[in-house]
Amino acid sequence: MIKAYLKNAPAALPKPVQARNLSWLSHWLCTAAIALGCNDSAFAQSADFLRGMPSAAEVMKRFSDGGDPIQSLGRQCAALDMLERAFFRSHDGMTKAVESNPATLAVRQDYAAGFKQLRARYEAAAAPMDDAKRQRWTRMCERGGQGVLAQPVTRDEVWAMLSPSVTTAYDQLRRSGDQRMSDRQLAQRQNAEKAAQGAARESERRRQAESRALQRRLTGLAIGGGILALSIFLAVTGFRGVRRLNRYEFENRTDGGVVQFESYDASIRHTRRQMLYSVIAQAGLFGALAGIITIVAMWF
(Lines give C-alpha, C1' and ligand atoms only; values in the text may rest on other atoms or scores of the structure.)
Protein backbone atom coordinates (compact mmCIF):
# COMPACT_ATOMS: atom_id res chain seq x y z
CA MET A 1 0.00 0.00 0.00
CA ILE A 2 2.81 2.44 0.88
CA LYS A 3 4.73 1.58 -2.30
CA ALA A 4 1.59 2.12 -4.35
CA TYR A 5 1.07 5.46 -2.68
CA LEU A 6 4.64 6.58 -3.49
CA LYS A 7 4.40 5.26 -7.01
CA ASN A 8 1.27 7.28 -7.64
CA ALA A 9 2.71 10.43 -6.03
CA PRO A 10 3.31 13.37 -8.40
CA ALA A 11 6.76 13.35 -9.99
CA ALA A 12 7.30 17.00 -9.14
CA LEU A 13 6.84 16.28 -5.45
CA PRO A 14 10.19 16.74 -3.66
CA LYS A 15 11.69 13.73 -1.90
CA PRO A 16 11.58 15.37 1.54
CA VAL A 17 7.85 15.88 1.05
CA GLN A 18 7.52 12.25 -0.04
CA ALA A 19 9.42 11.17 3.07
CA ARG A 20 7.18 13.28 5.25
CA ASN A 21 4.12 11.78 3.58
CA LEU A 22 5.59 8.30 4.04
CA SER A 23 6.21 9.01 7.71
CA TRP A 24 2.69 10.36 8.13
CA LEU A 25 1.18 7.39 6.31
CA SER A 26 3.21 4.90 8.35
CA HIS A 27 2.13 6.61 11.56
CA TRP A 28 -1.50 6.52 10.44
CA LEU A 29 -1.31 2.82 9.56
CA CYS A 30 0.32 1.95 12.88
CA THR A 31 -2.29 3.95 14.77
CA ALA A 32 -5.06 2.20 12.86
CA ALA A 33 -3.44 -1.17 13.54
CA ILE A 34 -3.29 -0.44 17.27
CA ALA A 35 -6.88 0.76 17.26
CA LEU A 36 -7.90 -2.48 15.59
CA GLY A 37 -6.02 -4.50 18.17
CA CYS A 38 -3.10 -5.54 15.97
CA ASN A 39 -0.78 -6.28 18.86
CA ASP A 40 1.18 -9.44 19.67
CA SER A 41 -1.93 -11.35 20.63
CA ALA A 42 -3.71 -10.27 17.43
CA PHE A 43 -0.75 -11.45 15.31
CA ALA A 44 -0.69 -14.69 17.28
CA GLN A 45 -4.39 -15.16 16.60
CA SER A 46 -3.70 -15.21 12.87
CA ALA A 47 -2.40 -18.76 13.48
CA ASP A 48 -0.18 -18.61 10.38
CA PHE A 49 2.67 -19.91 12.54
CA LEU A 50 0.92 -23.29 12.52
CA ARG A 51 2.17 -23.76 8.98
CA GLY A 52 5.54 -24.51 10.58
CA MET A 53 4.13 -27.30 12.74
CA PRO A 54 5.54 -30.79 12.18
CA SER A 55 3.22 -32.98 10.14
CA ALA A 56 1.66 -36.14 11.52
CA ALA A 57 4.01 -38.22 9.35
CA GLU A 58 7.05 -36.41 10.79
CA VAL A 59 5.84 -36.96 14.36
CA MET A 60 5.19 -40.65 13.73
CA LYS A 61 8.63 -41.07 12.14
CA ARG A 62 10.34 -39.27 15.02
CA PHE A 63 8.67 -41.45 17.71
CA SER A 64 8.91 -44.79 15.90
CA ASP A 65 11.60 -46.64 17.85
CA GLY A 66 11.36 -49.89 15.88
CA GLY A 67 10.77 -52.01 18.99
CA ASP A 68 7.49 -53.36 20.25
CA PRO A 69 4.94 -52.27 17.62
CA ILE A 70 2.22 -51.57 20.17
CA GLN A 71 4.57 -49.49 22.35
CA SER A 72 5.80 -47.65 19.25
CA LEU A 73 2.25 -46.90 18.12
CA GLY A 74 1.43 -45.71 21.65
CA ARG A 75 4.37 -43.29 21.71
CA GLN A 76 3.42 -41.91 18.29
CA CYS A 77 -0.17 -41.37 19.39
CA ALA A 78 0.93 -39.80 22.70
CA ALA A 79 3.21 -37.36 20.87
CA LEU A 80 0.46 -36.35 18.44
CA ASP A 81 -2.02 -36.01 21.30
CA MET A 82 0.40 -33.83 23.27
CA LEU A 83 0.84 -31.47 20.32
CA GLU A 84 -2.87 -31.41 19.53
CA ARG A 85 -3.79 -30.65 23.13
CA ALA A 86 -1.10 -28.01 23.58
CA PHE A 87 -1.93 -26.05 20.45
CA PHE A 88 -5.66 -26.55 20.09
CA ARG A 89 -7.28 -27.54 23.35
CA SER A 90 -5.29 -26.62 26.48
CA HIS A 91 -5.53 -22.83 26.46
CA ASP A 92 -7.99 -19.99 25.96
CA GLY A 93 -6.11 -18.56 23.00
CA MET A 94 -7.88 -20.87 20.57
CA THR A 95 -10.44 -18.29 19.50
CA LYS A 96 -12.86 -18.57 16.60
CA ALA A 97 -10.40 -16.60 14.48
CA VAL A 98 -7.69 -19.16 15.12
CA GLU A 99 -10.01 -22.14 14.64
CA SER A 100 -11.21 -20.84 11.28
CA ASN A 101 -7.68 -20.10 10.01
CA PRO A 102 -6.71 -22.31 7.04
CA ALA A 103 -3.42 -23.20 8.75
CA THR A 104 -5.31 -24.43 11.79
CA LEU A 105 -7.71 -26.48 9.71
CA ALA A 106 -4.88 -28.02 7.72
CA VAL A 107 -2.91 -29.10 10.80
CA ARG A 108 -5.95 -30.46 12.60
CA GLN A 109 -7.07 -32.43 9.56
CA ASP A 110 -3.56 -33.83 9.17
CA TYR A 111 -3.40 -34.83 12.83
CA ALA A 112 -6.91 -36.33 12.71
CA ALA A 113 -5.84 -38.49 9.78
CA GLY A 114 -2.72 -39.47 11.72
CA PHE A 115 -4.79 -40.52 14.76
CA LYS A 116 -7.05 -42.57 12.52
CA GLN A 117 -4.08 -44.26 10.87
CA LEU A 118 -2.44 -45.09 14.22
CA ARG A 119 -5.71 -46.47 15.59
CA ALA A 120 -6.09 -48.76 12.57
CA ARG A 121 -2.52 -50.02 12.97
CA TYR A 122 -3.07 -50.64 16.68
CA GLU A 123 -6.27 -52.62 16.05
CA ALA A 124 -4.39 -54.75 13.51
CA ALA A 125 -1.44 -55.32 15.86
CA ALA A 126 -3.57 -56.03 18.94
CA ALA A 127 -6.26 -58.13 17.24
CA PRO A 128 -8.65 -59.38 18.34
CA MET A 129 -9.87 -56.12 19.95
CA ASP A 130 -11.88 -55.94 23.17
CA ASP A 131 -12.89 -53.21 25.64
CA ALA A 132 -9.74 -53.63 27.73
CA LYS A 133 -7.48 -53.11 24.69
CA ARG A 134 -9.51 -50.08 23.58
CA GLN A 135 -9.20 -48.53 27.04
CA ARG A 136 -5.48 -49.28 27.04
CA TRP A 137 -5.10 -47.47 23.72
CA THR A 138 -6.87 -44.43 25.13
CA ARG A 139 -4.60 -44.38 28.18
CA MET A 140 -1.49 -44.75 25.97
CA CYS A 141 -2.48 -41.70 23.92
CA GLU A 142 -3.30 -39.43 26.87
CA ARG A 143 -0.85 -37.61 29.18
CA GLY A 144 2.16 -38.93 27.32
CA GLY A 145 1.21 -42.52 28.10
CA GLN A 146 2.18 -42.18 31.77
CA GLY A 147 1.68 -45.45 33.61
CA VAL A 148 1.01 -47.41 30.42
CA LEU A 149 3.97 -46.97 28.07
CA ALA A 150 7.32 -48.43 28.99
CA GLN A 151 8.90 -45.15 27.83
CA PRO A 152 6.36 -42.33 28.26
CA VAL A 153 6.57 -39.34 25.93
CA THR A 154 7.85 -36.14 27.56
CA ARG A 155 7.10 -32.55 26.64
CA ASP A 156 10.77 -31.86 25.98
CA GLU A 157 10.87 -34.63 23.36
CA VAL A 158 7.87 -33.18 21.56
CA TRP A 159 8.97 -29.54 21.85
CA ALA A 160 12.34 -30.42 20.36
CA MET A 161 10.59 -30.91 17.02
CA LEU A 162 9.22 -27.35 16.98
CA SER A 163 11.01 -24.44 15.37
CA PRO A 164 11.72 -21.28 17.42
CA SER A 165 9.18 -19.31 15.37
CA VAL A 166 6.47 -21.80 16.29
CA THR A 167 7.29 -21.83 20.00
CA THR A 168 7.53 -18.02 20.09
CA ALA A 169 4.16 -17.58 18.40
CA TYR A 170 2.72 -20.28 20.61
CA ASP A 171 3.88 -18.40 23.71
CA GLN A 172 2.20 -15.26 22.37
CA LEU A 173 -0.96 -17.22 21.77
CA ARG A 174 -0.85 -18.60 25.27
CA ARG A 175 -0.27 -15.13 26.77
CA SER A 176 -3.20 -13.71 24.81
CA GLY A 177 -5.34 -16.60 26.01
CA ASP A 178 -4.16 -16.14 29.58
CA GLN A 179 -4.96 -12.44 29.33
CA ARG A 180 -8.45 -13.20 28.09
CA MET A 181 -8.81 -15.75 30.85
CA SER A 182 -7.66 -13.18 33.40
CA ASP A 183 -10.05 -10.61 31.98
CA ARG A 184 -12.89 -13.13 32.07
CA GLN A 185 -12.01 -14.18 35.60
CA LEU A 186 -11.87 -10.52 36.62
CA ALA A 187 -15.24 -9.93 35.00
CA GLN A 188 -16.64 -13.01 36.71
CA ARG A 189 -15.23 -11.87 40.04
CA GLN A 190 -16.69 -8.40 39.52
CA ASN A 191 -20.04 -9.92 38.58
CA ALA A 192 -19.88 -12.12 41.65
CA GLU A 193 -19.09 -9.09 43.81
CA LYS A 194 -21.95 -7.17 42.24
CA ALA A 195 -24.25 -10.12 42.81
CA ALA A 196 -23.08 -10.36 46.43
CA GLN A 197 -23.58 -6.63 46.89
CA GLY A 198 -27.00 -6.88 45.30
CA ALA A 199 -27.88 -9.81 47.57
CA ALA A 200 -26.62 -7.86 50.58
CA ARG A 201 -28.68 -4.83 49.58
CA GLU A 202 -31.71 -7.04 49.03
CA SER A 203 -31.15 -8.68 52.41
CA GLU A 204 -30.81 -5.28 54.06
CA ARG A 205 -33.95 -4.09 52.29
CA ARG A 206 -35.87 -7.14 53.51
CA ARG A 207 -34.49 -6.65 57.02
CA GLN A 208 -35.55 -3.01 57.06
CA ALA A 209 -38.96 -3.95 55.67
CA GLU A 210 -39.37 -6.61 58.35
CA SER A 211 -38.22 -4.12 60.98
CA ARG A 212 -40.75 -1.56 59.79
CA ALA A 213 -43.47 -4.21 59.71
CA LEU A 214 -42.58 -5.29 63.26
CA GLN A 215 -42.55 -1.67 64.38
CA ARG A 216 -46.02 -1.18 62.88
CA ARG A 217 -47.22 -4.30 64.63
CA LEU A 218 -45.83 -3.18 67.96
CA THR A 219 -47.34 0.26 67.46
CA GLY A 220 -50.67 -1.34 66.62
CA LEU A 221 -50.41 -3.55 69.68
CA ALA A 222 -49.66 -0.55 71.86
CA ILE A 223 -52.55 1.44 70.43
CA GLY A 224 -54.94 -1.49 70.55
CA GLY A 225 -53.80 -2.40 74.05
CA GLY A 226 -54.29 1.19 75.22
CA ILE A 227 -57.75 1.34 73.68
CA LEU A 228 -58.64 -2.01 75.22
CA ALA A 229 -57.37 -1.04 78.68
CA LEU A 230 -59.20 2.30 78.62
CA SER A 231 -62.35 0.63 77.31
CA ILE A 232 -62.27 -1.99 80.08
CA PHE A 233 -61.85 0.76 82.66
CA LEU A 234 -64.82 2.68 81.18
CA ALA A 235 -66.97 -0.45 80.99
CA VAL A 236 -66.22 -1.40 84.59
CA THR A 237 -66.84 2.18 85.79
CA GLY A 238 -70.13 2.36 83.86
CA PHE A 239 -71.44 -0.97 85.07
CA ARG A 240 -70.49 -0.18 88.68
CA GLY A 241 -72.28 3.18 88.45
CA VAL A 242 -75.38 1.58 86.96
CA ARG A 243 -75.31 -1.14 89.65
CA ARG A 244 -74.98 1.45 92.43
CA LEU A 245 -77.96 3.41 91.07
CA ASN A 246 -80.03 0.23 90.68
CA ARG A 247 -79.23 -0.66 94.28
CA TYR A 248 -80.40 2.77 95.44
CA GLU A 249 -83.66 2.30 93.56
CA PHE A 250 -84.16 -1.16 95.09
CA GLU A 251 -83.59 0.05 98.62
CA ASN A 252 -85.77 3.16 98.23
CA ARG A 253 -88.72 1.69 96.32
CA THR A 254 -92.13 1.77 98.05
CA ASP A 255 -94.74 -0.97 98.07
CA GLY A 256 -96.36 0.74 95.14
CA GLY A 257 -93.18 0.52 93.12
CA VAL A 258 -92.31 4.20 93.37
CA VAL A 259 -88.71 5.25 94.07
CA GLN A 260 -88.48 7.90 96.74
CA PHE A 261 -85.95 10.73 96.50
CA GLU A 262 -85.09 13.47 98.93
CA SER A 263 -86.09 16.11 96.43
CA TYR A 264 -87.00 16.71 92.83
CA ASP A 265 -83.44 17.76 92.02
CA ALA A 266 -82.18 14.47 93.49
CA SER A 267 -84.43 12.52 91.12
CA ILE A 268 -83.11 14.54 88.17
CA ARG A 269 -79.52 13.88 89.21
CA HIS A 270 -80.31 10.16 89.56
CA THR A 271 -81.78 9.98 86.05
CA ARG A 272 -78.83 11.83 84.55
CA ARG A 273 -76.37 9.52 86.34
CA GLN A 274 -78.18 6.50 84.95
CA MET A 275 -77.88 7.85 81.44
CA LEU A 276 -74.21 8.79 81.94
CA TYR A 277 -73.17 5.46 83.41
CA SER A 278 -75.09 3.60 80.69
CA VAL A 279 -73.29 5.59 77.99
CA ILE A 280 -69.92 5.01 79.70
CA ALA A 281 -70.57 1.25 79.92
CA GLN A 282 -71.63 1.03 76.26
CA ALA A 283 -68.64 3.13 75.18
CA GLY A 284 -66.37 0.78 77.13
CA LEU A 285 -67.88 -2.27 75.40
CA PHE A 286 -67.53 -0.79 71.93
CA GLY A 287 -64.02 0.48 72.76
CA ALA A 288 -62.97 -2.97 73.97
CA LEU A 289 -64.25 -4.48 70.74
CA ALA A 290 -62.34 -1.84 68.72
CA GLY A 291 -59.17 -2.53 70.71
CA ILE A 292 -59.39 -6.26 70.09
CA ILE A 293 -59.98 -5.71 66.37
CA THR A 294 -57.01 -3.32 66.23
CA ILE A 295 -54.70 -5.83 67.92
CA VAL A 296 -55.76 -8.68 65.65
CA ALA A 297 -55.53 -6.58 62.47
CA MET A 298 -52.07 -5.13 63.25
CA TRP A 299 -50.51 -8.40 64.37
CA PHE A 300 -51.89 -10.79 61.79
Quick check on the hydrophobic clustering: are [X] and [Y] connected, directly or via other members, by side-chain heavy-atom contacts under 4.5 Å?
X	Y	answer
W159	V166	yes
I293	L218	no
V236	I292	yes
V296	I223	no
L214	I295	yes

ask   = Stepwise, does the salt bridge (charged side-chain N to carboxylate O under 4.0 Å, His left out) test hold for R206 with E210?
value = CA-CA 6 Å; R206 287 197 300 267; E210 292 175 356; 5.7 Å; no

Heavy-atom pair of closest approach, residues [X] and [Y]:
X	Y	answer
L149	A78	CD1-CB, 4.3 Å
S231	I227	OG-O, 2.6 Å
R75	V153	O-CG2, 3.5 Å
S64	S72	CA-OG, 3.5 Å
Q151	Q71	N-OE1, 4.4 Å
P54	M161	CB-CE, 3.9 Å

query = Considering residues at least two apart in sequence or located in another chain, which fulfil the salt bridge (Lys or Arg N to Asp or Glu O under 4.0 Å) criterion with R253?
reply =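 Counting only residues at least two positions away or on another chain, R253 forms a salt bridge (Lys or Arg N to Asp or Glu O under 4.0 Å) with E249.
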
message = Test of understanding: with salt bridge (Lys or Arg N to Asp or Glu O under 4.0 Å), list the residues that count as partners of R205, not counting sequence neighbours.
response =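 Partners of R205 under the salt bridge (Lys or Arg N to Asp or Glu O under 4.0 Å) test: E202.
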
inquiry  = Take a 6.0 Å sphere around CE of M129 and say whether it holds more than 12 heavy atoms from other residues, nucleotides or ligands.
reply    = yes

Do [X] side-chain atoms and [Y] backbone N/O form a donor-acceptor pair below 3.5 Å?
X	Y	answer
S211	R207	no
T294	G224	no
D110	S55	no

key: Contact list for residues 262-291, test salt bridge (Lys or Arg N to Asp or Glu O under 4.0 Å), sequence neighbours left out   = none

inquiry  = Tell me which pairs pass salt bridge (Lys or Arg N to Asp or Glu O under 4.0 Å) where either residue lies in residues 54-63, with sequence neighbours left out.
reply    = none

key: With T154 via side-chain hydrogen bond (donor to acceptor under 3.5 Å, both in side chains) - residues at least two apart   = E157

task = Would you please name every residue forming a side-chain hydrogen bond (donor to acceptor under 3.5 Å, both in side chains) with S267, sequence neighbours left out?
result =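 S267 satisfies side-chain hydrogen bond (donor to acceptor under 3.5 Å, both in side chains) with no residue once adjacent residues are dropped.
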
Which distance, rounded to the nearest 0.5 Å, do you find between the [atom1] of [X] and the [atom2] of [Y]?
X	Y	atom1	atom2	answer
M60	L80	CE	CG	6.5 Å
K194	Q197	NZ	CD	9.0 Å
N246	E251	CG	CD	11.5 Å

inquiry  = Using side chain to side chain contact (heavy atoms under 4.5 Å, CB included), reason through V158 and F63 one step at a time and then give a plain yes or no.
reply    = CA-CA 9 Å; V158 176; F63 288 88; 4.0 Å; yes

ask   = Less than 4.5 Å apart, any side-chain heavy atom of R143 and any of M82?
value =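 Of all side-chain heavy-atom pairs linking M82 with R143, none is under 4.5 Å.
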
request  = For residues V59 and Q76, determine if any side-chain heavy atom of one lies less than 4.5 Å from a side-chain heavy atom of the other.
outcome  = no

Give every donor-acceptor pair under 3.5 Å between a side-chain atom in residues 115-125 and any protein atom, sequence neighbours left out.
from : atom 1 : to   : atom 2 : distance (Å)
R119 : NE     : E123 : OE2    : 3.0
Y122 : OH     : K133 : O      : 2.9

task = Just grab all the disulfide (SG to SG under 2.5 Å) pairs involving residues 266-300, residues at least two apart or on different chains.
result = none

Residue pairs, two or more places apart or on separate chains, that pass disulfide (SG to SG under 2.5 Å) and touch residues 128-172 = C77-C141

note = Residue set satisfying ring pair (Phe, Tyr, Trp, His ring centres under 6.0 Å) with Y248, at least two apart, ordered chain then number -> F261, H270

message = Through direct or indirect side-chain contacts below 4.5 angstrom among Ile, Leu, Val, Met, Phe, Trp and Tyr, which residues connect to L276?
response = L230, F233, L234, V242, L245, Y277, I280

query = Can you list every pair that meets side-chain hydrogen bond (donor to acceptor under 3.5 Å, both in side chains) and has a residue in residues 214-229, with sequence neighbours left out?
reply = none

ask   = Regarding Q208 and E204, is there a side-chain donor-to-acceptor distance under 3.5 Å anywhere?
value =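 Yes, a side-chain donor-acceptor pair sits under 3.5 Å.
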
cation_pi(R134, W137) dist<6.0 Å, angle<=45 =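 Relative to the ring axis of W137, which defines the angle, R134 lies outside at least one limit.
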
